[in-house]
Amino acid sequence: MRLITLICALLLLGCSSNKANKQPNIILIMADDLGFECIGSYGGTSYKTPNIDKLAQTGIQFNQAYAQPLCTNTRVKLMTGKYNFRNWTAFGILDPEEKTFGHLMQDAGYSTCIVGKWQLQSYDPVRYPGSEYRRDTGMKISDAGFDKYCGWHVGHTEDKGSRFANPTIYQDGEFLDTTNGKYGPDIFVDYLNDYVNSQDDKPFFVYYPMALTHDPFSPTPDSNIWSDEERRMDKAPKYFADMVEYADKLVGKIVDNLKAQGIEEETLVLFYSDNGTHQRLYSKMGDKVIQGGKGLTTQAGIKVPFVAHWPGHIKEGQQTDEFIDAIDFLPSILDVANAEIPDDFQTDGESFLPILNGESKDRRDWVYMSYNPKPGAGKDHFHPAEFVMNTNYKLYGDGRFYNIKDDVLEESTIEANSHEEKLLKERFNGIIDSLKKYPTVGHIERLDSALDLIISKHARIDLVAEGFNWSEGPVWQPRGQNLYFSDVPENKVYKWNDLDGLSVYLTPSGYSGETTEGGQKGSNGLAIDANGDLILCQHGSRSVSRFVSLKDSLSPVFEPIISNYKGKKFNSPNDLFYDKDDNLYFTDPPYGLGKNGKSDLGFNGVYFLSNQGELKLVDADLARPNGVTVSNNGKILYVAESNILRPIIWAYDIIKPGVVKNKRIFFNPGEIIKTSVAKQNPDGIKLDQHGNIFVAAGDGILVITPEGKHIGTINTGRTTGNCVFTDDYRYLFITADDYLLRVNLRPYAK
């Protein structure tokens, strides 16, 4: 009998020891579009939130918690622990190559589950411009690091269905067919609780990105009209109050289930939000009315509730002004799990576990945000921003400086007048500079206020890549958001994008023989034709060619489109432009022939190649025809002549495709070149969406109005060859000697 008693005692001791050593469970709840002003414990008086308030009262409330202004920005940041500039691709997209906290928690020995809103696989509708390059490029919910899942909006936007009444729910590999008459948030929480109740041996991590309280603002099962099935899809802001209170009810349901299972003290519950409240909504904090600021970078758009509840571990009733950002959750969750961040994984966040434990720790006393809501359907009215802030002050990357304690809406910028403000602004500038993805070079010379409407005063010139012999001929490919450009002497074409950076795309790019017939071997000007093919002006082979195939970067295959005029080889096709009908204009100067090379033609020409293959000589009287483009209405041909003795930008009236008249001087940059440092003669030329001319000359890119007025220069500090706009005309890329530069033309807005 004594032996049996001893065995039982040892078994109980072993069970107790295992329970004590078990890693804690974690449930992360993230509300959708719920600002701090909506929560009672933060002073909100418009809605009843007793369950969330109780989490704060029995745990800790963070009064300086922040999120990105829009949901995808926060979700990507939250799940990967990285600032958006490191892995942002597009709205509604999570790069499928990323590791999430789901993957890392699986590696830490946890059972993982996600319920609720996904919206990270495919966002743009079919007809939205550029959608073909982004649709279905994101991460599938089944690949995100969760053993179990029950989600909404797991595929294309047009297939997402309702998230509330009669919802469309994808659960563990199949769509549910039993949701008619049900409420989506109820299905999610029931699944969550069932999952929690089924766990035994392993600790669990649950991520619950709520569908509530995002619009459409519609009735909940607790609304008076829910019994009327035909009105369950009603939409009106008045239902927002019901939605907030139902979200609070579901939080209570989750906590009550933990209590019923006897695991409340073993489970850390975190409640957070992805951004501020919708701008259509007004809420009260006592007598103060707060308008929602979703999408904005003001406090109403980025300050959110965050409370942590862990009985027996977190001292009750605490409040803290420690700064919390979405990047902090991943390292904190791993810290709670007593798991190391992998050596090959980068996170920008800092663990807040010491705060939960009541320990003092030096953490950052500021928040930095890199915010880019684009590209994405319905996001055109939002604007990117970059800033750093603390409780009292905020500095944007464009230099705007605010006292946000006294000016919450950021209506008036201030100068750093006091010694304290000067030191703080200098410190904030240092933070922004340290976190900028690219260094800044050069400057923008403003000769007329009209330039401010084209290039923001806050624009800067970013150095995105360097180390080339002579960079040239950039072209933007919307599919994949890639930039291609030539290094002419090195006989290479490079590819660059903001996520993957720089890589050699193909080499050789212009001539594949052992000896050249002239000077430069490589490609120069590049273009994308109507079929999406890369077209190259090839100096070495003296032709305009189509890139056909690529087994690897050293094995490109080209197909000549045109290589001669009346049986005589071109000199060295240099720059090219496709009009709206896919007709091709190109220039043929002697640069590729080298110093001793001889022209077969005996002249340098401007040519037109129709979409039917008919070649016409447009002008044979230019000494050095170089950059070429056509006005947006198709009526004017512009050619930049790099004639040292007489540098001119010419204009011709297009009578019909390939036929011009009224040749005239559009702009003479001679004096600008004489007084410049770089002495660059006119080279590449592009037009923006308003018809303004951007031409390489002098010390960078001259900006000239359609009327021929020089209103400013993007001074690159280098001899500059060419430039190109992105498909949305937001960015200008510049090839300048050994640099690849980028200018965000309209970078910041509140």
Side-chain angles (χ1 to χ4, degrees), residues 444 451 453-455 459 461 464 471-478 482-486 496 523-529 534-537 573-580 583-587 606 625-642 647-652 654 666-667 669 672 680-716 718-736 739-746:
I444 298 173
L451 186 69
L453 300 176
I454 302 168
I455 305 176
I461 306 170
V464 300
S471 59
E472 254 288 7
V475 65
W476 179 255
Q477 186 185 55
N482 294 317
L483 182 85
Y484 298 94
F485 65 98
S486 302
W496 179 93
S523 60
N524 195 309
L526 307 175
I528 302 291
D529 69 8
L534 180 65
I535 311 299
L536 307 91
C537 286
N574 188 81
D575 207 356
L576 69 170
F577 177 83
Y578 276 100
D579 68 14
K580 59 183 177 61
N583 300 307
L584 178 65
Y585 290 88
F586 65 95
T587 58
V606 179
N626 201 319
V628 60
T629 192
V630 173
S631 63
N632 296 334
N633 61 10
K635 295 182 178 181
I636 302 174
L637 171 68
Y638 296 99
V639 177
E641 185 178 12
S642 299
I648 296 293
I649 300 166
W650 298 97
Y652 309 72
I654 299 175
F666 170 73
F667 186 79
I672 295 172
Q680 173 66 39
N681 283 299
D683 204 320
I685 183 170
K686 298 292 188 296
L687 270 63
D688 70 7
Q689 71 272 43
H690 305 297
N692 298 297
I693 291 84
F694 287 63
V695 60
D699 283 326
I701 300 292
L702 310 183
V703 183
I704 304 168
T705 67
E707 295 73 33
K709 183 179 181 180
H710 177 212
I711 58 175
T713 299
I714 303 172
N715 191 317
T716 65
R718 289 286 193 281
T719 50
T720 301
N722 211 329
C723 61
V724 69
F725 293 95
T726 53
D727 50 321
D728 60 1
Y729 289 95
R730 179 176 152 200
Y731 289 103
L732 178 73
F733 285 91
I734 302 170
T735 47
Y739 280 0
L740 174 65
L741 306 173
R742 183 183 70 175
V743 182
N744 189 345
L745 300 173
R746 309 295 302 175

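From a predicted model like this one, the values you see are computed outputs, not experimental measurements. Quick note: numbers below take in every heavy atom, side chains included, and nothing from hydrogens, waters or symmetry partners.
Contact detail for I649 and V695: the closest heavy-atom pair is CD1-CG1, 3.6 Å. Nearest heavy-atom pair, T719 versus Q680, reported as atom, atom and distance to 0.1 Å: CB-OE1, 3.8 Å. Closest non-hydrogen pair, G700 versus T720, comes out as CA-OG1, 3.5 Å. When all heavy atoms are compared, the tightest approach of P669 to L702 is CB-CD1, 4.1 Å. Across C537 and L576, no two heavy atoms sit closer than the pair SG-CD2, 3.6 Å. Taking each heavy atom of D575 and G525 in turn, the nearest pair found is OD1-CA, 4.1 Å.
Distance check, rounded to the nearest 0.5 Å: CZ of R742 to CD1 of I734 gives 12.0 Å. To the nearest 0.5 Å, the span separating CG on L584 from CG on D529 amounts to 9.5 Å. The distance from atom CD1 of I654 to atom CD1 of I636, rounded to the nearest 0.5 Å, is 8.0 Å. With values rounded to the nearest 0.5 angstrom, Y484 atom OH is found 7.0 Å from I528 atom CD1. Here N692 contributes atom CG and L687 contributes atom CG; the two are 7.5 Å apart, rounded to the nearest 0.5 Å. The structure places CZ of R718 at 3.5 Å from OH of Y739, a figure rounded to the nearest 0.5 Å.
Between L740 and S471, every side-chain heavy-atom pair lies at or beyond the 4.5 Å cut-off. Counting heavy atoms from C-beta on, the side chains of P573 and T587 never come closer than 4.5 Å. Between F667 and I672 there is a side-chain heavy-atom pair separated by less than 4.5 Å. Contact of the I701 side chain with the V743 side chain is not registered, since no non-hydrogen atoms from C-beta on lie closer than 4.5 Å. Residues F694 and I455 meet the side-chain proximity criterion, which asks for heavy atoms closer than 4.5 Å. The shortest side-chain heavy-atom distance between I714 and L741 does not fall under the 4.5 Å cut-off. Between P682 and I648 there is no side-chain heavy-atom pair separated by less than 4.5 Å. L483 has its side chain out of reach of V464: every pair of non-hydrogen atoms, C-beta onward, lies at least 4.5 Å apart.
Between F485 and F733, the ring center distance fails the sub-6.0 Å criterion.
Looking only at distances, a side-chain donor or acceptor of N632 sits under 3.5 Å from a matching main-chain atom of D688. Side chain of T735 to backbone of N722: a donor-acceptor contact under 3.5 angstrom is found.
The aromatic rings of F666 and Y638 lie perpendicular to each other, with more than 60° between the two planes, well past the 30° mark.
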- request: For the pair D683 and E472, evaluate side chain to side chain contact (heavy atoms under 4.5 Å, CB included) and give the outcome as yes or no after the intermediate values.
  value: CA-CA 10 Å; D683 204 320; E472 254 288 7; 3.2 Å; yes
field: Criterion side chain to side chain contact (heavy atoms under 4.5 Å, CB included) on F725 and L745, from CA distance to verdict
entry: CA-CA 10 Å; F725 293 95; L745 300 173; 3.7 Å; yes
field: Residues N715, T713; criterion side-chain hydrogen bond (donor to acceptor under 3.5 Å, both in side chains); working and verdict
entry: CA-CA 6 Å; N715 191 317; T713 299; over 6 Å; no
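V475 pairs in a side chain to side chain contact (heavy atoms under 4.5 Å, CB included) with only one of the listed residues (L536, L526, I535), which is L526. Exactly one of D727, T726, N482 qualifies for a side-chain hydrogen bond (donor to acceptor under 3.5 Å, both in side chains) with W476. That residue is D727.
Residues passing the side-chain hydrogen bond (donor to acceptor under 3.5 Å, both in side chains) test with T629, sequence neighbours excluded: none.
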